[in-house]
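Read through the structure below, which is laid out as structure tokens, and then see the notes.
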Amino acid sequence: MCGIVGYIGFREAFPILINGLKRLEYRGYDSAGCALLHDGHLNVYKAKGKVSDLEHVAETKDIKGTLGIAHTRWATHGVPSEVNAHPHVSMSGQLALVHNGIIENYAILRQRLMEKGVKFYSETDTEILVKLIEYIKDKRHCDLPSAVRMALHQAIGAYAIALIDVNEPNELLVARKSSPLAIGIGEDNREFFIASDASPIAEYTKQVIYLNDEEIAVIRRDEPLKVITILNHEVEPNVQTIDIDLGMLSKGGFPHFMLKEIFDQPEVLRDCMRGRLLPDKVVLSAVENYKDRLLSARRFIIVSCGTSWHAGLIGKQLIETFCEIPVEVEYASEFRYRRSTVDERDVVIAISQSGETADTLAAIEKAKSKGAFIFGIVNAVGSSIARATDTGVYIHVGPEIGVASTKAFTGQVLVLSMLAIALAKAKNCIAQEDYLTLIGELGCIPDKINKVLEQNDRIRELARIFTYAHNFLYLGRGYNYPVALEGALKLKEISYIHAEGYPAAEMKHGPIALIDSEMPVVFVATHHKLHKKIISNMMEVKSRGGRIIAIVTEGDEDMKKIADEVIEVPETENCLVPLLSVIPLQLLAYHVAVAKGLNVDQPRNLAKSVTVE
Ligand code: G6P
């Protein structure tokens, strides 16, 4: 959701900005723009649509300059259009600014400035910032950093901003609150790179600073970076060395990032297990270090959104089954506003791929303020959520670029499985034999996923048959119920086909009314103690003419007799089945969307990292 890139140094900025915007395309956006400072002129170019449209617009223009900022905008206030695209410029045309986040009190600030004669051209909340900064600068005769500080004092909401000034060709200003911003430091401070995450920076430098909330960085060529707070206290920048595999940022021969990421799963899950899943034990340092705090909790509350929420539903079953600790799973967006009984006796587990989801971050802050202990399960290293937690476990599946989450889901479920097993052992409530069986089975999961992936061609064929459908129903029980929800979400996200996930037995309380010959029903029906009951549900669908696609355990002859189409997954422990049964559903959604000719990696209206409410 919105991406910022900036450069100040000795190289031409434009190619770096465009390259960086392309790296951030996965976040989701609908317009793009850039501003370059060259020979005392500010050149601003914008385009509705893709970064390639922006390149096209700039083709015949002056794209010179070694200082520039750029942006991809995901529309919140105002339609996607050239005028609403960033950068926005000040009244005099001397300042240009890009912004991620939402300024909640923009209407009142705008009204006040309009009364002073300031004019506005866009419908955005962002334009207010650049106009307010210039207004303060002129009125108070202060320097740019002071004007930025004062303006941000007045702004309520979330922001990551980057700002350049025609009169300061040697300076780039950035600031953040609740929206991410990373600064890459080139050799000898000769150049600096800024971006919403480290992926556009990684190919130039490994030295990165992640700004904290309410910090402003004053970046000047050939000078050490200066970081101040909006209260004007200087802070020591915390420089980190990042380790991003650049191969992970490319499609590696696959037609889409999503397919690559589905196929990455065996390998990245091995990475996630490395050093944690040993032949005879599970070692999670967060559990070792905080064992007493975790085991003395009266309950766990899992907060997350989207796919991460589905992983949380599986986590609840794992932790309640193996650790006998009550677990609630909450949508972060609901939890943050509801009156809740959370207090210091609770452990809150925040699950997030991006580590930047605004609702999850706000849910953490709320739980923290009530004294709860916060445990993070995050993918993006150094992200806001990772930094806001007391401890946690990174899922280490590498950057996920496709908007529809795939490898992050299995990474989250894997970490939750290891967490449940490690906690159960620490609590002494799992038999040694069961403990070793689960460890052994977890170790086999990557090879078993490979076996499911071998059915890719068949699933592609199957998908073609079902592209006609307008509705899909996904049903599952127990550990496969969240998988059914996730399968339905994948399909609707990228194929725009309406799909609903339900616990299989709930079908008779409503969805059964929808079933006819036009309605494919996907049963996630691996071996389970309620196997016979699922067969009854299938018969109910069959007798109403519904078409059944069943995900079954290898060799399940009963299901094969009933279902129209069957996809087999290898046998595993029931609690680990989601790691296998979700794979065919990811592939099914992918191939349906491809067959419909849709933009799989950047589906309409969706964003990868939802940094606004
Ligand atoms: C967006 C993404 C989803 C993701 C959800 C939660 O909606 O498109 O794929 O599951 O946000 O994001 P998080 O990064 O917190 O897991």
Side-chain angles (χ1 to χ4, degrees), residues 1-3 24-30 74 76 100 178-180 196-197 199 257-258 261-262 302-315 329-336 348-365 374-389 392-416 482-483 485-496 501 582 585-586 589-590 593 599-613:
M1 186 170 273
C2 297
L24 296 179
E25 279 192 306
Y26 73 92
R27 297 165 71 90
Y29 70 104
D30 32 48
W74 187 83
T76 56
N100 287 358
S178 306
S179 277
S196 299
D197 65 41
S199 57
F257 280 110
M258 184 178 174
E261 286 159 6
I262 293 173
I302 297 179
V303 293
S304 45
C305 305
T307 288
S308 301
W309 186 78
H310 295 156
L313 293 177
I314 296 170
V329 188
E330 299 253 13
Y331 283 116
S333 53
E334 290 293 316
F335 178 82
R336 66 182 287 189
V348 166
I349 302 182
I351 308 178
S352 176
Q353 186 287 124
S354 62
E356 300 296 345
T357 303
D359 284 325
T360 308
L361 202 49
I364 291 173
E365 296 307 337
I374 317 290
F375 188 103
I377 297 180
V378 173
N379 191 30
V381 177
S383 56
S384 305
I385 291 177
R387 287 181 293 142
T389 54
V393 181
Y394 280 119
I395 63 172
H396 285 319
V397 297
E400 192 180 62
I401 312 289
V403 164
S405 185
T406 52
K407 63 177 179 175
F409 175 76
T410 44
Q412 291 162 347
V413 174
L414 174 59
V415 164
L416 285 160
V483 175
L485 295 181
E486 177 59 10
L489 178 64
K490 284 298 82 97
L491 189 75
K492 73 184 124 191
E493 279 178 318
I494 59 171
S495 74
Y496 317 145
V582 76
L585 305 187
Q586 296 170 343
Y590 171 79
N599 186 343
V600 176
D601 285 334
Q602 291 157 36
R604 72 180 178 208
N605 304 339
L606 294 181
K608 182 72 187 157
S609 173
V610 182
T611 49
V612 298
E613 277 192 53

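For ligands, and for the atoms within them, numbers begin at 1 and follow the listed sequence.
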>> Can you tell me how far apart CG (L361) and OG1 (T389) are? Round to the nearest 0.5 Å.
In response: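 Result: 10.5 Å between the selected atoms.
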Verify, without hydrogens or angle tests, whether [X] (side chain) and [Y] (backbone) share a donor-acceptor contact under 3.5 angstrom.
X	Y	result
K407	V397	yes
D601	F257	yes
E261	S405	no

> Out of T360, D359, T357, I351, whose heavy atom is nearest to atom 13 (P) of ligand 1?
Replying inline: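 Closest candidate by heavy-atom distance is T357.
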>> Minimum distance, heavy atoms only, to atom 9 (O) of ligand 1: which one of V403, T406, V303 is it?
In response: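 Looking at heavy atoms only, V403 sits closest to atom 9 (O) of ligand 1.
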Counting non-hydrogen protein atoms only, what is the nearest one to [atom]? Give residue, atom name and distance.
atom	value
atom 8 (O) of ligand 1	A607 O, 2.8 Å
atom 4 (C) of ligand 1	T307 N, 4.2 Å
atom 5 (C) of ligand 1	C305 O, 4.0 Å
atom 11 (O) of ligand 1	V610 CG2, 3.9 Å
atom 16 (O) of ligand 1	S308 OG, 2.5 Å

> Given side chains that start at C-beta, do those of V393 and F375 come closer than 4.5 Å, heavy atoms only?
Replying inline: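 Result yes, sub-4.5 Å side-chain heavy-atom pair found.
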>> Do L414 and I395 have side chains that approach each other closer than 4.5 Å (heavy atoms only, starting at C-beta)?
In response: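 No, side chains not in contact.
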>> Which residue in the set E356, Q353, Q602 passes side-chain contact (heavy atoms from CB on, under 4.5 Å) when paired with K608?
In response: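 When side-chain contact (heavy atoms from CB on, under 4.5 Å) is applied between K608 and each of E356, Q353, Q602, only Q353 qualifies.
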Output the list of atoms in ligand 1 that are nearer than 4.0 Å to some heavy atom of [X], sorted by atom number.
X	result
S405	9 (O)
Q353	13 (P), 14 (O), 15 (O), 16 (O)
S352	13 (P), 14 (O), 15 (O), 16 (O)
K608	1 (C), 2 (C)

>> Is it true that Y590 and Q586 share a donor-acceptor pair across their side chains at a distance under 3.5 Å?
In response: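 Per modelled atom types, Q586 and Y590 side chains form no pair under 3.5 Å.
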